[in-house]
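For reference, the structure is listed below as structure tokens.
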Amino acid sequence: MKNIFQENTARLLAEAFRAAYPGQIEALIQTLPSNAADLESFIYSRLEVPKDRKLGDFAFPAFSAAASLKEKPVEIAQKVVAQLTPDRFTATGPYINATLAVPDMARMVLPMIHGQGAAFGSQTIGQDRKIVIDYSSPNIAKPFGVGHLRSTAIGHSLYRIFAKLGYCSIGINHLGDWGTQFGKMIVAYRKWGNDAELAKEPIKYLYDLYVRFHQQEELDSSLSDDARLWFKKLEDGDPEAVRLWKLFRDYSQAEFQRIYDILGIKFDYYTGESFYNDRIEVVMERLRRAGLVTESQGAQVVDLEPYGMPACLLKKADGATLYATRELAGIFYRYETFDFYRALYVVGSAQQEHFKQVFKVIELLGEPFADRLVHVEFGWIRFKDQAMSTRKGNIIFLEDVITTAEEKAAQIIRDKNPDLPNLDQTARMVALGAILFADLGVKKHKDVNFSWEEVLNFEGETGPYLQYTHARLSALMRRFGKPIDETVDFNLFTSPEEKELLLHLYRFGQTVETASDRYEPNYIAEYLLELAVVFNRFYQRKDAHGKLIKIISERKNETEARMLLVEAVRTVLNEGLRLLGIPAPEEM
RNA sequence: GGGCGUGUGGCCCAGCCAGGACAGGGCGUCUGGCUUCGAACCAGACGAUCGGGGGUUCGAAUCCCCCCACGCCCGCCA
């Protein structure tokens with residue numbers, strides 16, 4: 001999606017270049033990078049926003065044309081500007097600065113947003129193609145820690161982003177409900193557990209058992225052998241093993257569902273690893289037929305040495321399956337079921353090699369969908385500079401974070417807005433806003449150091465700041481109390497603040513697109529911060545005497561024009577927050 | 001040892017892929033702004049050898065090379 005303001009500017013500049021340098025444009029085009037087909041698109045791609053906005057709205061640096069035109073950038077700028085309307089284009093040193101007319105912009109942008117509403121920024125480029133997104137995917141029988149939030153928040157946001165662009169998003173929670181850790185849990189439970197204790201506080205109890213097992217395992221390595229033995233029994237359908245596994249799984253699922261309900265997150269499928277148990281042999285057979293399976297130290301592997309990777313382990317020496325085996329089965333299942341255009345795996349970067357291996361195996365099988373598999377990786381959440389580890393018991397429960405944030409939000413509301421109805425509900429929205437934004441406000445590849453101070457901060461570049469701005473906009477709409485009319489006097493839009501808002505509003509669609517291209521919801525988070533900042537500045541601007549210029553005043557025409565802008569900002573902010581999975585309260 | 005990632009004011013982060021005008025925000029600190037359109041806000045101040053070195057370029061936080069620090073992964077865990 002192109003920015004129409006930028007496009008118009010590029011077109012005018014291109015015409016001016018042609019007029020100023022007749023006959024030399026061919027030489028210039030020769031030097032263009034291959035991605036720029038013509039002069040217009042070249043200029044379009046080179047346009048930047050001046051650092052000092054007083055200079056203009058767009059700037060074209062003339063350096064890039066200097067070599068082929070054999071002139072100094074400063075002279076080029078002057079010559080080109082001479083061909084253009086003087087009040088809209090100026091040469092500042094080697095830069096050609098363009099200034100847009102605010103009423104024109106308003107006429108273009110505001111009726112569009114008013115008409116499209118929440119659909120503003122939507123596209124159909126997805127053509128309903130299926131994007132399968134694997135996210136959250138916690139290991140059951142373990143508590144839901146803040147570490148799991150990363151995948152959950154990013155994946156859920158990508159789900160909505162792709163849907164907005166016209167793709168058919170399919171959300172899969174690939175629950176970690178199979179594997180040797182269940183052998184461990186079974187051993188631990190049989191040794192130290194009992195049903196009565198389990199029923200009281202299941203997740204906490206299972207978690208304690210898990211930590212205890214790992215502590216004991218360090219002292220007594222026979223426990224590891226027992227665990228493998230019990231996992232093998234589980235795979236072979238041993239009734240006692242299966243009974244305990246189901247017990248753990250059911251308790252865990254109920255627990256996770258509670259968390260997802262709080263977060264307002266749903267999945268289309270909850271197909272965990274165990275779902276693929278009866279599909280493993282088909283995959284193994286396929287791999288064997290392709291001649292990819294070799295034996296190494298008793299285990300069955302795919303040798304990836306020629307590709308600079310460690311071997312991909314398919315089956316242990318005792319015949320039990322492994323992570324990669326189930327992953328492969330999952331990929332085939334997803335392809336056969338959905339015929340996906342892309343399959344995303346929103347999983348931490350620690351598993352980068354695992355996915356490289358698995359994807360390589362698919363490629364070696366000659367499957368046509370090998371290049372549609374994407375590992376959307378992200379950095380770790382650490383606590384006090386340590387990796388959060390369930391095994392070591394160094395973990396913070398997401399629910400504790402939510403509860404603490406809710407308490408703080410409620411306290412602030414009681415203090416600032418004591419008459420607010422449904423306090424608990426709003427406090428929860430604010431808490432979620434703070435927590436989710438703490439994750440989505442940072443580029444995903446960065447490791448995040450969990451800090452209570454940061455998560456509980458509701459000021460500055462935070463989720464509650466965005467929510468507050470949304471509530472403020474909503475308050476204006478309530479106060480205005482009438483339907484917004486799109487037939488306003490656009491010539492009343494003149495201020496730099498209004499221009500900034502219009503420019504920024506228009507960029508929403510491009511931002512969503514960038515976020516999808518890079519699998520990075522953070523672009524939307526940053527966009528919204530900027531939008532809120534620009535609006536709040538507009539909201540609190542003062543006249544020459546230092547008096548606040550109010551949006552709603554007795555001047556009818558001005559008020560109506562500004563309210564059309566207010567509505568547009570609210571629409572985009574609301575929609576942007578939705579894409580991030582952050583609730584947008586009307587009051588707080 | 002190999003692979004991947006990160007390193008930007010006291011703290012957190014954007015900018016790097018597609019190199020350009022004095023390196024942008026936020027937190028914290030200091031100053032100013034509510035006789036009510038919501039101060040979870042706004043305005044201003046202080047604060048940076050962009051990890052280090054070399055190279056390419058008219059121009060490097062950004063591209064290339066080397067080095068340093070930290071994190072993660074490297075066969076029967078997931």
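Each chain gets a letter, A, B and so on, in the order its sequence line appears, and its residues count up from 1.
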Looking for any heavy atom pair under 4.0 Å, which part of the strands does [X] touch: base, sugar-phosphate only, or nothing?
{"X": "A:Asp318", "answer": "nothing"}
{"X": "A:Glu530", "answer": "nothing"}
{"X": "A:Ala409", "answer": "nothing"}
{"X": "A:Pro94", "answer": "nothing"}
{"X": "A:Tyr539", "answer": "base"}
{"X": "A:Met309", "answer": "nothing"}
{"X": "A:Gln357", "answer": "nothing"}
{"X": "A:Gly179", "answer": "sugar-phosphate"}
{"X": "A:Leu529", "answer": "nothing"}
{"X": "A:Ile413", "answer": "base"}

Is it true that the side chains of [X] and [Y] contain a donor and an acceptor less than 3.5 Å apart?
{"X": "A:Gln467", "Y": "A:His470", "result": "no"}
{"X": "A:Asp225", "Y": "A:Ser222", "result": "no"}
{"X": "A:Gln352", "Y": "A:Glu377", "result": "yes"}
{"X": "A:Asn449", "Y": "A:Ser451", "result": "no"}
{"X": "A:Tyr527", "Y": "A:Arg507", "result": "no"}
{"X": "A:Asp303", "Y": "A:Thr294", "result": "no"}
{"X": "A:Thr92", "Y": "A:Asn97", "result": "yes"}

### Message
Quick check on contacts: within residues 542-559 of chain A, what sits under 4.0 Å from RNA chain B by heavy-atom distance?
### Response
A:Lys542, A:Leu548, A:Ile549, A:Lys550, A:Ile551, A:Ile552
### Summary
In numerical order, the residues of residues 345-352 of chain A whose heavy atoms come under 4.0 Å of RNA chain B are A:Ala350, A:Gln351, A:Gln352
#### Entry: Pairing of A:Lys232 and A:Asp236 as salt bridge, 4.0 angstrom limit
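Answer for the salt bridge query: yes.
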Minimum-distance nucleotide (side-chain atoms of [X] versus [options]):
{"X": "A:Leu476", "options": "B:rC37, B:rA21, B:rG38", "answer": "B:rC37"}
{"X": "A:Gln540", "options": "B:rG33, B:rC77, B:rA40", "answer": "B:rG33"}
{"X": "A:Ala475", "options": "B:rG38, B:rC41, B:rG75", "answer": "B:rG38"}
{"X": "A:Arg518", "options": "B:rA18, B:rG7, B:rG38", "answer": "B:rA18"}
{"X": "A:Thr180", "options": "B:rG15, B:rA78, B:rG75", "answer": "B:rA78"}
{"X": "A:Lys446", "options": "B:rC77, B:rU6, B:rG75", "answer": "B:rU6"}
{"X": "A:Ala59", "options": "B:rC41, B:rA78, B:rA21", "answer": "B:rA21"}
{"X": "A:Ala317", "options": "B:rC4, B:rA78, B:rC76", "answer": "B:rC76"}
{"X": "A:Tyr468", "options": "B:rC74, B:rA39, B:rG3", "answer": "B:rA39"}
{"X": "A:Thr92", "options": "B:rA21, B:rC41, B:rC27", "answer": "B:rA21"}

### Query
Near A:Glu75 CD, under 6.0 Å, is it more than 12 heavy atoms from other residues, nucleotides or ligands?
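Result for CD/A:Glu75: enclosed.
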### Query
Does atom CZ of A:Arg53 have more than 12 heavy-atom neighbours from other groups under 6.0 Å away?
yes
Does [N] have OP1 or OP2 sitting under 4.0 Å from an N or O in the side chain of [X]?
{"X": "A:His445", "N": "B:rU6", "answer": "yes"}
{"X": "A:Lys316", "N": "B:rC77", "answer": "yes"}
{"X": "A:Lys443", "N": "B:rG15", "answer": "yes"}
{"X": "A:Arg326", "N": "B:rA78", "answer": "yes"}
{"X": "A:Tyr210", "N": "B:rC77", "answer": "no"}

Which value, in whole Å, describes the distance between the [atom1] atoms of nucleotides [N] and [M]?
{"N": "B:rU36", "M": "B:rG26", "atom1": "P", "value": "27 Å"}
{"N": "B:rG44", "M": "B:rC63", "atom1": "C1'", "value": "38 Å"}
{"N": "B:rA23", "M": "B:rG51", "atom1": "P", "value": "15 Å"}
{"N": "B:rA48", "M": "B:rG2", "atom1": "P", "value": "38 Å"}
{"N": "B:rG19", "M": "B:rC50", "atom1": "C1'", "value": "15 Å"}
{"N": "B:rG24", "M": "B:rU6", "atom1": "P", "value": "23 Å"}
{"N": "B:rC27", "M": "B:rC67", "atom1": "P", "value": "40 Å"}
{"N": "B:rC4", "M": "B:rA43", "atom1": "C1'", "value": "45 Å"}

### Query
Within 45 degrees of the axis of the six-membered ring of A:Phe213 and under 6.0 Å from its centre: does A:Lys184 put its NZ or CZ there?
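No, A:Lys184 and A:Phe213 do not form such a contact.
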### Query
Does A:Lys443 make a cation-pi contact with A:Tyr523, if we ask for NZ or CZ under 6.0 Å from the ring centre and within 45° of the axis?
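Yes, A:Lys443 sits over the ring of A:Tyr523.
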Expressed in angstrom and rounded to an integer, what is the separation of [X] atom [atom1] from [N] atom [atom2]?
{"X": "A:Phe538", "N": "B:rC41", "atom1": "CZ", "atom2": "C1'", "result": "15 Å"}
{"X": "A:Ile140", "N": "B:rC77", "atom1": "CD1", "atom2": "C1'", "result": "15 Å"}
{"X": "A:Phe480", "N": "B:rC37", "atom1": "CZ", "atom2": "P", "result": "17 Å"}
{"X": "A:Phe437", "N": "B:rC13", "atom1": "CZ", "atom2": "C1'", "result": "11 Å"}
{"X": "A:Phe458", "N": "B:rG28", "atom1": "CZ", "atom2": "P", "result": "14 Å"}

### Nearest non-hydrogen partners of A:Thr321 and A:Arg326, listed with the distance
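Answer, listing the atom of A:Thr321 first, then A:Arg326: OG1-NH1, 2.7 Å.
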Does the ring center of [X] lie less than 6.0 Å from the ring center of [Y]?
{"X": "A:Phe182", "Y": "A:Phe248", "answer": "no"}
{"X": "A:His148", "Y": "A:Tyr135", "answer": "no"}
{"X": "A:Trp380", "Y": "A:Phe378", "answer": "no"}

Between N or O atoms, less than 3.5 Å apart, protein on one side and nucleotides 56-65 of chain B on the other: list the pairs.
none

### Task
Could you please name the partner base of B:rG1, counting Watson-Crick and G-U wobble pairs only when both distances are under 3.5 Å?
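B:rG1 is paired with B:rC74.
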### Task
Please give the nucleotide sitting opposite B:rA48 as a Watson-Crick or G-U wobble pair, both distances under 3.5 Å, or none.
none
Does [X] contact [N] through a side-chain donor or acceptor facing the base, at a distance under 3.5 Å?
{"X": "A:Glu353", "N": "B:rG3", "answer": "no"}
{"X": "A:Arg472", "N": "B:rC41", "answer": "no"}
{"X": "A:Asn97", "N": "B:rA21", "answer": "yes"}

